[in-house]
Number of protein chains: 2
Amino acid sequence: MDTETDDVQRNRQPAREVDPIDRKILGVLVDDATISYAELGDRVGLSPPAAHERVKRLRRSGAIRATSAIIDPKAVKKPLLAFVHIDTRGWGKTPELMAISECPEVEEIHSVAGDTCMLLKVRTEDTRALEGLLSRIYETPGVVSTRSYVVLSTYLERPVQPDITAQWPAPKHMATPVY
Amino acid sequence: MDTETDDVQRNRQPAREVDPIDRKILGVLVDDATISYAELGDRVGLSPPAAHERVKRLRRSGAIRATSAIIDPKAVKKPLLAFVHIDTRGWGKTPELMAISECPEVEEIHSVAGDTCMLLKVRTEDTRALEGLLSRIYETPGVVSTRSYVVLSTYLERPVQPDITAQWPAPKHMATPVY
DNA sequence: ATAATGGCCGAATTAAATTCAGCATCAACG
DNA sequence: CGTTGATGCTGAATTTAATTCGGCCATTAT
(Lines give C-alpha, C1' and ligand atoms only; values in the text may rest on other atoms or scores of the structure.)
Protein backbone atom coordinates (compact mmCIF):
# COMPACT_ATOMS: atom_id res chain seq x y z
CA MET A 1 0.00 0.00 0.00
CA ASP A 2 1.09 3.55 -0.56
CA THR A 3 2.22 6.06 2.01
CA GLU A 4 -0.68 8.24 2.98
CA THR A 5 1.27 10.99 4.66
CA ASP A 6 1.30 13.09 1.49
CA ASP A 7 -2.37 12.56 0.83
CA VAL A 8 -3.39 13.46 4.33
CA GLN A 9 -1.28 16.57 4.33
CA ARG A 10 -2.45 17.68 0.89
CA ASN A 11 -5.46 19.94 0.88
CA ARG A 12 -8.78 18.15 0.82
CA GLN A 13 -10.34 17.63 -2.60
CA PRO A 14 -13.71 18.71 -4.06
CA ALA A 15 -14.90 15.43 -2.48
CA ARG A 16 -17.09 13.53 -4.86
CA GLU A 17 -20.04 11.70 -3.34
CA VAL A 18 -19.17 8.44 -1.57
CA ASP A 19 -20.98 5.77 -3.61
CA PRO A 20 -21.95 2.22 -2.62
CA ILE A 21 -18.69 0.75 -3.91
CA ASP A 22 -16.77 3.27 -1.84
CA ARG A 23 -18.75 2.21 1.21
CA LYS A 24 -17.90 -1.39 0.54
CA ILE A 25 -14.24 -0.44 0.26
CA LEU A 26 -14.38 1.48 3.53
CA GLY A 27 -16.02 -1.46 5.23
CA VAL A 28 -13.34 -3.84 4.02
CA LEU A 29 -10.50 -1.53 4.99
CA VAL A 30 -11.87 -0.87 8.47
CA ASP A 31 -11.92 -4.60 8.96
CA ASP A 32 -8.42 -5.16 7.58
CA ALA A 33 -6.31 -2.57 5.81
CA THR A 34 -3.41 -4.92 5.14
CA ILE A 35 -4.97 -6.75 2.21
CA SER A 36 -3.64 -6.22 -1.30
CA TYR A 37 -5.43 -4.12 -3.89
CA ALA A 38 -6.00 -7.34 -5.82
CA GLU A 39 -7.88 -8.80 -2.84
CA LEU A 40 -9.72 -5.55 -2.24
CA GLY A 41 -10.69 -5.34 -5.90
CA ASP A 42 -11.96 -8.91 -5.75
CA ARG A 43 -14.18 -8.20 -2.79
CA VAL A 44 -15.78 -5.11 -4.27
CA GLY A 45 -15.80 -6.18 -7.91
CA LEU A 46 -13.05 -4.01 -9.37
CA SER A 47 -9.64 -4.50 -10.94
CA PRO A 48 -6.64 -3.83 -8.69
CA PRO A 49 -5.80 -0.46 -10.27
CA ALA A 50 -9.42 0.67 -10.06
CA ALA A 51 -9.59 -0.27 -6.39
CA HIS A 52 -6.31 1.52 -5.84
CA GLU A 53 -7.62 4.62 -7.58
CA ARG A 54 -10.68 4.73 -5.35
CA VAL A 55 -8.68 4.24 -2.18
CA LYS A 56 -6.40 7.11 -3.19
CA ARG A 57 -9.42 9.28 -3.79
CA LEU A 58 -10.94 8.33 -0.43
CA ARG A 59 -7.69 9.28 1.25
CA ARG A 60 -7.41 12.58 -0.58
CA SER A 61 -10.99 13.51 0.19
CA GLY A 62 -10.43 12.78 3.86
CA ALA A 63 -12.99 9.98 4.05
CA ILE A 64 -10.10 7.75 5.13
CA ARG A 65 -8.46 9.87 7.80
CA ALA A 66 -5.62 7.46 8.45
CA THR A 67 -4.61 3.85 8.34
CA SER A 68 -3.60 2.84 11.79
CA ALA A 69 -2.50 -0.15 13.83
CA ILE A 70 -5.00 -0.94 16.58
CA ILE A 71 -3.00 -1.70 19.69
CA ASP A 72 -3.99 -3.90 22.59
CA PRO A 73 -3.80 -1.58 25.61
CA LYS A 74 -2.61 -4.46 27.78
CA ALA A 75 0.44 -4.95 25.58
CA VAL A 76 1.60 -1.43 26.26
CA LYS A 77 0.60 -1.54 29.92
CA LYS A 78 -2.25 0.96 29.79
CA PRO A 79 -5.10 -1.22 30.98
CA LEU A 80 -7.06 1.36 32.95
CA LEU A 81 -9.70 3.13 30.92
CA ALA A 82 -11.81 5.98 32.29
CA PHE A 83 -14.38 8.46 31.10
CA VAL A 84 -13.93 11.84 32.74
CA HIS A 85 -16.70 14.39 32.80
CA ILE A 86 -15.63 18.00 33.37
CA ASP A 87 -17.55 21.20 33.78
CA THR A 88 -16.36 23.90 31.40
CA ARG A 89 -18.41 26.85 32.53
CA GLY A 90 -15.34 28.85 33.52
CA TRP A 91 -13.59 28.30 30.22
CA GLY A 92 -12.06 30.87 27.93
CA LYS A 93 -11.64 30.12 24.26
CA THR A 94 -9.47 27.08 23.63
CA PRO A 95 -6.22 27.18 25.63
CA GLU A 96 -7.72 24.80 28.19
CA LEU A 97 -8.71 22.45 25.41
CA MET A 98 -5.23 22.55 23.95
CA ALA A 99 -3.68 21.83 27.34
CA ILE A 100 -5.86 18.77 27.76
CA SER A 101 -5.36 17.50 24.25
CA GLU A 102 -1.60 17.59 24.80
CA CYS A 103 -1.91 14.96 27.51
CA PRO A 104 -0.95 11.72 25.86
CA GLU A 105 -3.29 9.76 28.13
CA VAL A 106 -6.27 11.55 26.63
CA GLU A 107 -7.62 9.70 23.62
CA GLU A 108 -10.82 11.56 22.97
CA ILE A 109 -12.40 14.90 23.84
CA HIS A 110 -16.11 15.46 23.23
CA SER A 111 -18.34 18.41 23.89
CA VAL A 112 -21.74 17.45 25.26
CA ALA A 113 -24.95 19.01 23.99
CA GLY A 114 -27.11 21.06 26.33
CA ASP A 115 -24.56 20.99 29.09
CA THR A 116 -21.43 23.09 29.53
CA CYS A 117 -19.23 20.09 29.92
CA MET A 118 -16.84 17.82 28.14
CA LEU A 119 -16.31 14.13 28.16
CA LEU A 120 -12.77 12.80 28.04
CA LYS A 121 -11.71 9.27 27.34
CA VAL A 122 -8.40 8.56 29.03
CA ARG A 123 -6.22 5.50 29.44
CA THR A 124 -3.54 5.00 32.06
CA GLU A 125 -1.33 2.34 33.55
CA ASP A 126 -3.07 2.17 36.93
CA THR A 127 -5.19 4.14 39.38
CA ARG A 128 -2.12 5.99 40.60
CA ALA A 129 -1.45 7.37 37.12
CA LEU A 130 -5.15 8.10 36.63
CA GLU A 131 -5.26 10.15 39.82
CA GLY A 132 -2.18 12.04 38.71
CA LEU A 133 -3.75 12.83 35.36
CA LEU A 134 -7.02 13.91 36.96
CA SER A 135 -5.34 16.28 39.37
CA ARG A 136 -3.30 17.74 36.52
CA ILE A 137 -6.50 18.26 34.53
CA TYR A 138 -8.37 19.76 37.47
CA GLU A 139 -5.49 22.14 38.08
CA THR A 140 -6.17 23.65 34.67
CA PRO A 141 -7.78 27.05 35.33
CA GLY A 142 -11.50 27.00 34.63
CA VAL A 143 -11.84 23.23 34.78
CA VAL A 144 -14.24 21.81 37.35
CA SER A 145 -14.69 18.12 38.02
CA THR A 146 -18.15 16.63 37.87
CA ARG A 147 -18.08 12.86 37.50
CA SER A 148 -15.72 10.18 36.31
CA TYR A 149 -16.33 6.62 35.34
CA VAL A 150 -13.59 4.08 35.73
CA VAL A 151 -14.01 1.20 33.36
CA LEU A 152 -13.51 -2.28 34.69
CA SER A 153 -14.13 -4.43 31.63
CA THR A 154 -14.43 -3.50 28.03
CA TYR A 155 -16.56 -5.80 25.96
CA LEU A 156 -16.46 -4.11 22.62
CA GLU A 157 -14.10 -1.60 21.14
CA ARG A 158 -14.38 -1.44 17.42
CA PRO A 159 -12.02 0.64 15.30
CA VAL A 160 -14.48 3.18 13.91
CA GLN A 161 -17.79 3.18 12.12
CA PRO A 162 -18.94 -0.39 12.21
CA ASP A 163 -21.81 -0.06 9.77
CA ILE A 164 -20.38 1.61 6.76
CA THR A 165 -21.87 -1.02 4.50
CA ALA A 166 -25.29 -2.54 4.63
CA GLN A 167 -24.01 -6.08 5.15
CA TRP A 168 -21.52 -5.63 7.94
CA PRO A 169 -19.33 -8.59 8.91
CA ALA A 170 -19.32 -10.08 12.39
CA PRO A 171 -17.65 -7.89 15.01
CA LYS A 172 -13.99 -8.75 15.17
CA HIS A 173 -11.77 -6.46 17.16
CA MET A 174 -13.54 -7.07 20.45
CA ALA A 175 -11.46 -6.08 23.39
CA THR A 176 -10.89 -8.97 25.73
CA PRO A 177 -12.68 -8.12 29.00
CA VAL A 178 -9.69 -8.66 31.22
CA TYR A 179 -8.90 -5.19 32.55
CA MET B 1 2.24 -5.65 3.97
CA ASP B 2 0.92 -9.09 4.72
CA THR B 3 -2.62 -10.12 5.39
CA GLU B 4 -3.20 -10.27 9.10
CA THR B 5 -6.38 -12.30 9.00
CA ASP B 6 -4.47 -15.53 9.59
CA ASP B 7 -2.39 -14.09 12.39
CA VAL B 8 -5.36 -12.64 14.16
CA GLN B 9 -7.27 -15.87 13.93
CA ARG B 10 -4.28 -18.00 14.98
CA ASN B 11 -4.01 -18.68 18.70
CA ARG B 12 -2.07 -16.06 20.62
CA GLN B 13 1.62 -16.78 21.20
CA PRO B 14 3.67 -17.13 24.41
CA ALA B 15 3.95 -13.33 24.06
CA ARG B 16 7.50 -12.20 24.66
CA GLU B 17 7.92 -8.92 26.47
CA VAL B 18 7.32 -5.80 24.37
CA ASP B 19 10.70 -4.04 24.32
CA PRO B 20 11.50 -0.38 23.55
CA ILE B 21 12.01 -1.06 19.84
CA ASP B 22 8.59 -2.74 19.73
CA ARG B 23 7.08 0.32 21.36
CA LYS B 24 8.69 2.53 18.75
CA ILE B 25 7.27 0.29 16.05
CA LEU B 26 3.80 0.43 17.58
CA GLY B 27 4.01 4.20 17.79
CA VAL B 28 4.99 4.50 14.14
CA LEU B 29 2.27 2.10 13.00
CA VAL B 30 -0.47 3.79 15.00
CA ASP B 31 0.49 7.00 13.28
CA ASP B 32 0.63 5.47 9.80
CA ALA B 33 0.44 1.78 9.02
CA THR B 34 0.85 2.24 5.27
CA ILE B 35 4.60 2.78 5.26
CA SER B 36 6.93 0.14 3.85
CA TYR B 37 9.02 -2.12 6.05
CA ALA B 38 12.07 -0.31 4.69
CA GLU B 39 10.72 3.00 5.98
CA LEU B 40 9.68 1.41 9.26
CA GLY B 41 13.09 -0.19 9.67
CA ASP B 42 14.73 3.16 9.01
CA ARG B 43 12.71 4.88 11.70
CA VAL B 44 13.43 2.31 14.37
CA GLY B 45 16.94 1.36 13.34
CA LEU B 46 16.43 -2.08 11.83
CA SER B 47 16.73 -3.75 8.44
CA PRO B 48 13.48 -4.26 6.54
CA PRO B 49 13.28 -8.01 7.24
CA ALA B 50 13.97 -7.46 10.94
CA ALA B 51 11.24 -4.84 11.15
CA HIS B 52 8.93 -7.20 9.31
CA GLU B 53 9.76 -10.01 11.70
CA ARG B 54 8.90 -7.87 14.70
CA VAL B 55 5.64 -6.66 13.21
CA LYS B 56 4.64 -10.25 12.52
CA ARG B 57 5.44 -11.15 16.10
CA LEU B 58 3.45 -8.20 17.42
CA ARG B 59 0.49 -9.32 15.35
CA ARG B 60 0.74 -12.93 16.46
CA SER B 61 1.02 -11.96 20.10
CA GLY B 62 -2.06 -9.77 19.80
CA ALA B 63 -0.27 -6.54 20.63
CA ILE B 64 -1.41 -5.31 17.23
CA ARG B 65 -5.06 -6.28 17.23
CA ALA B 66 -5.73 -5.10 13.71
CA THR B 67 -4.68 -2.67 11.05
CA SER B 68 -7.63 -0.54 10.20
CA ALA B 69 -8.68 2.41 8.11
CA ILE B 70 -9.87 5.29 10.28
CA ILE B 71 -12.98 6.70 8.66
CA ASP B 72 -14.32 10.22 8.84
CA PRO B 73 -17.83 9.76 10.25
CA LYS B 74 -19.10 12.65 8.14
CA ALA B 75 -18.08 10.88 4.96
CA VAL B 76 -20.40 8.00 5.78
CA LYS B 77 -23.14 10.21 7.15
CA LYS B 78 -22.94 9.19 10.79
CA PRO B 79 -22.17 12.51 12.40
CA LEU B 80 -24.13 12.10 15.62
CA LEU B 81 -22.11 10.65 18.45
CA ALA B 82 -23.57 9.78 21.84
CA PHE B 83 -22.55 8.16 25.08
CA VAL B 84 -25.32 6.07 26.58
CA HIS B 85 -25.33 5.04 30.19
CA ILE B 86 -27.48 2.04 31.07
CA ASP B 87 -28.33 0.33 34.33
CA THR B 88 -27.64 -3.40 34.20
CA ARG B 89 -28.98 -4.50 37.57
CA GLY B 90 -31.60 -6.75 36.00
CA TRP B 91 -29.16 -8.53 33.74
CA GLY B 92 -28.57 -12.20 33.32
CA LYS B 93 -25.29 -13.49 32.02
CA THR B 94 -24.42 -12.12 28.60
CA PRO B 95 -27.30 -12.43 26.14
CA GLU B 96 -28.17 -8.77 26.69
CA LEU B 97 -24.59 -7.84 26.00
CA MET B 98 -24.58 -9.85 22.80
CA ALA B 99 -27.79 -8.23 21.65
CA ILE B 100 -26.33 -4.78 22.13
CA SER B 101 -22.99 -5.60 20.57
CA GLU B 102 -24.80 -6.76 17.43
CA CYS B 103 -26.12 -3.25 16.85
CA PRO B 104 -23.85 -1.79 14.23
CA GLU B 105 -24.30 1.72 15.66
CA VAL B 106 -22.62 0.64 18.89
CA GLU B 107 -18.88 1.19 18.72
CA GLU B 108 -17.86 0.53 22.30
CA ILE B 109 -19.26 -1.18 25.38
CA HIS B 110 -17.63 -0.60 28.76
CA SER B 111 -18.48 -1.84 32.21
CA VAL B 112 -18.14 0.82 34.91
CA ALA B 113 -16.47 0.12 38.24
CA GLY B 114 -18.51 0.37 41.41
CA ASP B 115 -21.74 0.79 39.58
CA THR B 116 -23.98 -1.82 37.96
CA CYS B 117 -24.00 0.00 34.67
CA MET B 118 -22.48 0.11 31.25
CA LEU B 119 -21.36 2.91 29.04
CA LEU B 120 -22.01 2.64 25.31
CA LYS B 121 -20.49 4.76 22.60
CA VAL B 122 -22.87 4.94 19.66
CA ARG B 123 -22.88 6.80 16.37
CA THR B 124 -25.89 7.50 14.19
CA GLU B 125 -26.97 9.55 11.23
CA ASP B 126 -29.23 11.92 13.16
CA THR B 127 -31.34 12.29 16.30
CA ARG B 128 -34.11 10.27 14.69
CA ALA B 129 -31.83 7.26 14.26
CA LEU B 130 -30.39 7.78 17.73
CA GLU B 131 -33.85 7.69 19.28
CA GLY B 132 -34.63 4.54 17.35
CA LEU B 133 -31.49 2.88 18.58
CA LEU B 134 -32.12 3.94 22.16
CA SER B 135 -35.63 2.60 22.20
CA ARG B 136 -34.41 -0.67 20.71
CA ILE B 137 -31.75 -0.89 23.43
CA TYR B 138 -34.20 -0.03 26.21
CA GLU B 139 -36.57 -2.69 24.94
CA THR B 140 -33.92 -5.30 25.74
CA PRO B 141 -35.17 -7.14 28.87
CA GLY B 142 -33.27 -6.08 31.97
CA VAL B 143 -31.89 -2.88 30.48
CA VAL B 144 -32.79 0.36 32.27
CA SER B 145 -31.90 3.81 31.00
CA THR B 146 -30.04 6.17 33.28
CA ARG B 147 -28.35 8.98 31.35
CA SER B 148 -27.18 9.74 27.84
CA TYR B 149 -24.85 12.36 26.53
CA VAL B 150 -25.23 13.58 23.00
CA VAL B 151 -22.01 14.92 21.61
CA LEU B 152 -22.08 18.16 19.68
CA SER B 153 -18.43 18.64 18.77
CA THR B 154 -15.54 16.27 18.92
CA TYR B 155 -12.15 17.90 19.36
CA LEU B 156 -9.90 14.93 19.58
CA GLU B 157 -10.37 11.36 18.54
CA ARG B 158 -7.10 9.53 18.30
CA PRO B 159 -6.89 6.01 16.90
CA VAL B 160 -5.80 4.17 20.04
CA GLN B 161 -3.09 4.50 22.64
CA PRO B 162 -1.48 7.81 21.92
CA ASP B 163 1.51 7.41 24.22
CA ILE B 164 3.03 4.10 23.35
CA THR B 165 6.45 5.66 23.05
CA ALA B 166 8.13 8.18 25.28
CA GLN B 167 8.62 10.72 22.50
CA TRP B 168 5.19 10.83 20.98
CA PRO B 169 4.62 12.86 17.82
CA ALA B 170 2.16 15.73 17.61
CA PRO B 171 -1.51 14.62 17.66
CA LYS B 172 -2.64 13.99 14.14
CA HIS B 173 -5.98 12.32 13.65
CA MET B 174 -7.98 15.02 15.33
CA ALA B 175 -11.62 14.89 14.49
CA THR B 176 -12.78 18.11 12.94
CA PRO B 177 -15.22 19.74 15.38
CA VAL B 178 -17.98 20.20 12.84
CA TYR B 179 -20.70 17.81 13.96
C1' DA C 1 -23.61 15.03 -33.26
C1' DT C 2 -19.37 15.29 -31.08
C1' DA C 3 -15.93 16.48 -28.00
C1' DA C 4 -14.47 16.08 -23.20
C1' DT C 5 -14.45 13.75 -19.05
C1' DG C 6 -14.27 10.13 -15.72
C1' DG C 7 -13.70 5.60 -14.56
C1' DC C 8 -12.47 1.21 -15.81
C1' DC C 9 -9.43 -2.68 -17.62
C1' DG C 10 -5.09 -5.33 -18.91
C1' DA C 11 -0.33 -5.29 -19.71
C1' DA C 12 4.12 -3.56 -18.41
C1' DT C 13 7.11 -1.66 -15.12
C1' DT C 14 8.75 -0.53 -10.68
C1' DA C 15 8.90 -1.15 -5.86
C1' DA C 16 8.08 -3.70 -1.90
C1' DA C 17 7.31 -7.96 0.67
C1' DT C 18 9.14 -12.20 1.68
C1' DT C 19 12.46 -15.90 1.80
C1' DC C 20 16.82 -17.56 2.78
C1' DA C 21 21.62 -18.42 3.92
C1' DG C 22 24.83 -16.97 6.85
C1' DC C 23 26.60 -14.51 11.21
C1' DA C 24 26.72 -12.70 15.98
C1' DT C 25 25.13 -12.93 20.67
C1' DC C 26 23.72 -15.04 24.70
C1' DA C 27 22.20 -18.45 27.98
C1' DA C 28 22.03 -23.24 29.37
C1' DC C 29 24.69 -27.11 30.20
C1' DG C 30 28.14 -30.77 30.15
C1' DC D 1 35.50 -23.07 29.86
C1' DG D 2 33.94 -24.91 25.41
C1' DT D 3 29.87 -26.51 23.18
C1' DT D 4 25.21 -26.38 21.81
C1' DG D 5 20.85 -24.37 20.71
C1' DA D 6 17.99 -20.56 20.31
C1' DT D 7 17.21 -15.92 18.97
C1' DG D 8 17.52 -11.99 16.23
C1' DC D 9 19.96 -9.60 12.98
C1' DT D 10 21.81 -8.55 8.04
C1' DG D 11 22.24 -8.47 2.91
C1' DA D 12 21.24 -10.78 -1.30
C1' DA D 13 17.86 -13.23 -4.06
C1' DT D 14 13.25 -14.18 -5.24
C1' DT D 15 8.46 -13.60 -5.39
C1' DT D 16 4.58 -10.78 -5.03
C1' DA D 17 2.22 -6.54 -5.02
C1' DA D 18 1.91 -1.57 -6.08
C1' DT D 19 1.98 1.65 -9.58
C1' DT D 20 2.04 3.47 -14.23
C1' DC D 21 0.27 3.70 -18.69
C1' DG D 22 -2.33 3.27 -23.06
C1' DG D 23 -6.65 2.39 -24.68
C1' DC D 24 -11.69 1.60 -24.25
C1' DC D 25 -16.39 2.65 -23.00
C1' DA D 26 -20.11 5.35 -21.02
C1' DT D 27 -21.85 9.64 -19.55
C1' DT D 28 -22.22 14.51 -19.91
C1' DA D 29 -21.54 19.04 -21.75
C1' DT D 30 -20.98 21.91 -25.99
Side-chain angles (χ1 to χ4, degrees), chain A residues 1-64 66-69 75 165, chain B residues 1-64 66-69 75 165:
Chain A
M1 296 241 169
D2 52 350
T3 304
E4 74 192 352
T5 319
D6 309 321
D7 298 336
V8 165
Q9 238 112 66
R10 225 191 304 282
N11 44 346
R12 303 285 149 85
Q13 284 296 304
R16 212 200 50 154
E17 184 68 22
V18 172
D19 70 17
I21 296 183
D22 288 331
R23 295 185 158 251
K24 268 196 192 179
I25 289 176
L26 293 176
V28 171
L29 292 186
V30 166
D31 182 46
D32 183 358
T34 67
I35 60 173
S36 68
Y37 288 116
E39 171 75 21
L40 176 61
D42 254 11
R43 296 207 201 162
V44 304
L46 290 178
S47 70
H52 183 202
E53 191 54 49
R54 276 173 179 264
V55 171
K56 276 196 295 189
R57 177 153 44 79
L58 289 167
R59 286 202 219 275
R60 272 200 306 272
S61 73
I64 297 178
T67 300
S68 173
T165 52
Chain B
M1 297 239 169
D2 53 349
T3 305
E4 73 192 350
T5 319
D6 308 321
D7 298 338
V8 165
Q9 238 113 70
R10 224 192 304 282
N11 44 347
R12 302 288 148 85
Q13 284 297 301
R16 212 199 52 151
E17 184 68 21
V18 171
D19 70 16
I21 296 183
D22 288 331
R23 292 183 160 252
K24 267 197 193 177
I25 289 176
L26 293 176
V28 170
L29 292 185
V30 165
D31 182 47
D32 183 358
T34 66
I35 60 174
S36 68
Y37 288 117
E39 171 74 20
L40 177 61
D42 255 11
R43 296 207 201 162
V44 304
L46 289 179
S47 69
H52 184 203
E53 191 55 47
R54 276 174 180 264
V55 171
K56 275 196 295 187
R57 177 154 42 79
L58 288 167
R59 286 202 218 275
R60 272 200 306 271
S61 73
I64 297 177
T67 300
S68 174
T165 53

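In what follows, chains carry the letters A, B, and so on, assigned in the order in which the sequence lines appear, proteins first and then strands, with residues in each chain numbered from 1.
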Produce the list of close N/O pairs, under 3.5 Å, pairing protein atoms with atoms of nucleotides 9-15 of chain D; give distances to one decimal.
from: D/dC9; atom 1: OP1; to: B/R54; atom 2: NE; distance (Å): 2.9
from: D/dC9; atom 1: OP1; to: B/R54; atom 2: NH2; distance (Å): 2.9
from: D/dT10; atom 1: OP2; to: B/S47; atom 2: N; distance (Å): 2.6
from: D/dT10; atom 1: OP2; to: B/S47; atom 2: OG; distance (Å): 2.6

Do the non-hydrogen side-chain atoms of A/I25 and A/R57 ever get within less than 4.5 Å of each other? no
Student check: side-chain heavy atoms of A/V44 and A/R54 closer than 4.5 Å: no
Rounded to the Å, how far apart are [X] [atom1] and [N] [atom2]?
{"X": "B/I35", "N": "C/dA16", "atom1": "CD1", "atom2": "C1'", "answer": "13 Å"}
{"X": "B/E17", "N": "D/dT7", "atom1": "CD", "atom2": "C1'", "answer": "16 Å"}
{"X": "A/L58", "N": "C/dG7", "atom1": "CG", "atom2": "C1'", "answer": "14 Å"}
{"X": "A/D42", "N": "C/dC9", "atom1": "CG", "atom2": "C1'", "answer": "14 Å"}
{"X": "A/Y37", "N": "C/dG7", "atom1": "OH", "atom2": "P", "answer": "17 Å"}
{"X": "A/D22", "N": "C/dG6", "atom1": "CG", "atom2": "C1'", "answer": "14 Å"}

Apply side-chain hydrogen bond (donor to acceptor under 3.5 Å, both in side chains) to B/E53 and list each qualifying residue two or more places apart in sequence or on a separate chain. none
Do you know the tightest heavy-atom contact between [X] and [Y]?
{"X": "B/P48", "Y": "B/A38", "result": "CG-CA, 3.8 Å"}
{"X": "A/D22", "Y": "A/V18", "result": "CB-CG1, 3.5 Å"}
{"X": "A/A69", "Y": "B/I64", "result": "CB-CG2, 4.2 Å"}

According to a strict under-4.0 Å criterion, is B/H52 in side-chain N/O contact with OP1 or OP2 of C/dA17? no
